[in-house]
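Whatever order the structure lists ligands and atoms in, that order sets their numbers, starting from 1.
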Amino acid sequence: MAATAKTRHRSADRPTKKPKLGQNFLVDIGAAQRIVDALGDISRCTVVEIGPGRGAITGLLASKAEKLIAVELDRTLAAQLRMAYLRKAHVEILEADILHIDCDSLVQGRSKQITTAPQEMPHKVARVVGNLPYYITSDILLKLFECHKNFDRIVIMVQKEVADRIAAESGTSDYGVLSATAQLFADVENLFTLPPEAFSPPPKVHSSVLRLRIAPKAAVLGVDEKGFIAFLRSLFAQKRKTLSNNLKPHFESAQITSAIRATGLKADVRAEAVPLEQMAALYKSLYKK
Ligand code: SAM
């Protein structure tokens, strides 16, 4: 049946469907090039691409990287990419959920050896890149931090507001658990921002590209990663509350007061004002480490 003017109008008004699996494909080729450039020299590197999609970044990576492993959850897209790179032995397309991938075997099982300490097992280091599916940005980041020993550099596109939070410094309103956790593992640079028109379909938000140079700080700060990350979560549990109030479900008031004083912080300080070093000092004071 031919669409009447009325039905045509209605379908044009219908809100655009939320893209499946965060599929907003990059169509700005210049931006794709800048993302690949941000990885540095990858001619002797294994690169892991998260969510290659229709391959906007993949093609550029394939022409530069020594080895490329692209992990795509969408069965159809993964099959199309596999066909496209059939003759490129150095490109591997995995149809898988990045959150369920074992990073150690992905990288240690396949990538080129870059560093070898004399008495140690050879340890291989790869680089990660991706225009991330925004619905799981935090989960992907936490996963990458968990297995950070496999990587030396991560270049990712995320929603601008999330990028601002990841890169935020203490003392700013954007500083939160994501910033503190990211900075525990890496030096973060906010590289550039793209408007919605750089993607198809255009998302409702702007997007930013971040570069994270892996530089773990837990050992220098004298904290254990797992326990300290859990502690950071409790410090930021409710952003409007003081740090002391956020700690109350976990410690006696007297303990909190004396640890805050010993760390040189004000009694009514909020977590967003506290740099990582002082958070570590507070952690060690509370847990007598
Ligand atoms: N890299 C492409 C580009 O820049 O045009 C696509 C980026 S799009 C924002 C995100 C991609 O991640 C989509 O291809 C989507 O299918 C894929 N994806 C979504 N969830 C995923 C997951 N859990 N594991 C791996 N890939 C996923």
Side-chain angles (χ1 to χ4, degrees), residues 16-39 42 46-65 68-85 88 91-107 110 126-147 150-151 153-163 166 191-212:
T16 29
K17 244 172 64 187
K18 208 173 162 205
K20 176 187 147 203
L21 297 177
Q23 290 177 342
N24 299 99
F25 300 106
L26 186 62
V27 290
D28 180 333
I29 301 305
Q33 185 65 60
R34 288 174 77 189
I35 289 171
V36 175
D37 289 347
L39 282 170
I42 50 172
T46 290
V47 175
V48 176
E49 185 185 7
I50 300 172
R54 292 183 185 154
I57 306 170
T58 319
L60 299 170
L61 293 170
S63 67
K64 288 193 164 178
L68 173 62
I69 306 167
V71 183
E72 173 57 60
L73 182 58
D74 184 303
R75 171 160 294 181
T76 308
L77 292 175
Q80 286 167 357
L81 287 165
R82 211 171 283 128
M83 284 303 289
Y85 291 98
K88 305 265 184 203
V91 179
E92 192 171 347
I93 309 293
L94 295 182
E95 182 199 322
D97 183 336
I98 190 66
L99 298 177
H100 296 153
I101 285 275
D102 175 353
C103 295
D104 290 338
S105 61
L106 185 76
V107 175
R110 304 158 197 255
R127 292 188 176 168
V128 179
V129 65
N131 169 15
L132 298 189
Y134 294 174
Y135 72 109
I136 46 169
T137 299
S138 301
D139 293 338
I140 293 177
L141 270 176
L142 290 177
K143 162 123 196 163
L144 293 175
F145 293 148
E146 242 170 56
C147 54
N150 294 295
F151 310 115
R153 200 176 287 196
I154 297 172
V155 176
I156 44 170
M157 175 118 63
V158 300
Q159 184 178 330
K160 180 186 180 300
E161 289 71 19
V162 177
I166 295 170
L191 297 183
F192 60 92
T193 298
L194 292 174
E197 307 79 73
F199 306 86
S200 173
K204 291 196 170 71
V205 294
H206 278 61
S207 303
S208 295
V209 174
L210 292 176
R211 174 164 54 200
L212 288 82

Review point. Among all residues two or more places apart in sequence or in another chain, which pass the ring-ring contact (aromatic ring centres under 6.0 Å, His included) test with Tyr134?
Key: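 For Tyr134, no residue satisfies ring-ring contact (aromatic ring centres under 6.0 Å, His included) once neighbours in sequence are set aside.
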
Would a distance-only check, ignoring hydrogens and angles, find a side-chain to backbone donor-acceptor pair under 3.5 Å from [X] to [Y]?
| X | Y | answer |
| --- | --- | --- |
| Lys143 | Ile101 | yes |
| Asn150 | Cys147 | yes |
| Glu49 | Val129 | no |

With heavy atoms of [X] as the reference, note each atom of ligand 1 found under 4.0 Å away.
| X | answer |
| --- | --- |
| Phe25 | 5 (O), 6 (C), 14 (O) |
| Asp97 | 22 (C), 23 (N), 24 (N) |
| Val71 | 25 (C), 26 (N) |
| Gly22 | 8 (S), 9 (C), 10 (C) |
| Leu21 | 15 (C), 16 (O), 19 (C) |

Tell me the protein heavy atom at minimum distance from [atom], and give that distance in Å.
| atom | result |
| --- | --- |
| atom 18 (N) of ligand 1 | Pro133 CG, 3.8 Å |
| atom 21 (C) of ligand 1 | Leu73 CB, 3.7 Å |
| atom 2 (C) of ligand 1 | Pro52 O, 3.2 Å |
| atom 24 (N) of ligand 1 | Ile98 N, 3.0 Å |

Answer with yes or no whether [X] contacts ligand 1, where contact means a heavy atom under 4.0 Å from a ligand atom.
| X | answer |
| --- | --- |
| Ile136 | yes |
| Thr58 | no |
| Tyr135 | yes |
| Arg54 | no |

Under 3.5 Å between any N/O of [X] and any N/O of ligand 1: does that happen in this structure?
| X | value |
| --- | --- |
| Gln23 | yes |
| Leu26 | yes |
| Leu132 | no |

Using heavy-atom distances, let me know which of [options] sits nearest [atom].
| atom | options | result |
| --- | --- | --- |
| atom 14 (O) of ligand 1 | Met157, Glu49, Glu72, His100 | Glu72 |
| atom 1 (N) of ligand 1 | Gly130, Ala32, Gly51 | Gly51 |
| atom 7 (C) of ligand 1 | Leu99, Asn131, Ile35 | Asn131 |

Review point. Considering only heavy atoms, does Lys20 approach ligand 1 within less than 4.0 Å through its side chain, its backbone, both, or neither?
Key: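 It is neither part, as no heavy atom is under 4.0 Å.
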
Check your understanding: ligand 1 versus Ala96, non-hydrogen atoms closer than 4.0 Å: side chain, backbone, both, neither?
Key ->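 Backbone only; the side chain of Ala96 stays clear of ligand 1.
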
Quick one: closest heavy-atom pair of [X] and [Y], and the distance?
| X | Y | value |
| --- | --- | --- |
| Arg211 | Arg153 | CD-CD, 4.0 Å |
| Pro203 | Asn24 | N-ND2, 3.7 Å |
| Glu72 | Gly53 | OE1-N, 2.9 Å |
| Thr58 | Tyr85 | C-OH, 3.7 Å |
| Ala96 | Val71 | O-CG1, 3.5 Å |
| Ile93 | Ala78 | CG2-O, 3.7 Å |

Practice item. Decide yes or no for Leu141 and Val158: does some side-chain heavy atom of the first lie under 4.5 Å from some side-chain heavy atom of the second? Key: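 Not in contact.
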
Exercise for review: Apply the test side-chain contact (heavy atoms from CB on, under 4.5 Å) to residues Gln23 and Leu77: give CA-CA distance (whole Å), side-chain angles for both, the deciding distance (0.1 Å), then the verdict.
Suggested key: CA-CA 11 Å; Gln23 290 177 342; Leu77 292 175; 3.4 Å; yes

Exercise for review: Output yes when Asp74 and Arg54 qualify as a salt bridge under the 4.0 Å nitrogen-oxygen rule, no when they do not.
Suggested key: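 Between Arg54 and Asp74 there is no salt bridge, as every charged N stays at least 4.0 Å from the carboxylate O atoms.
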
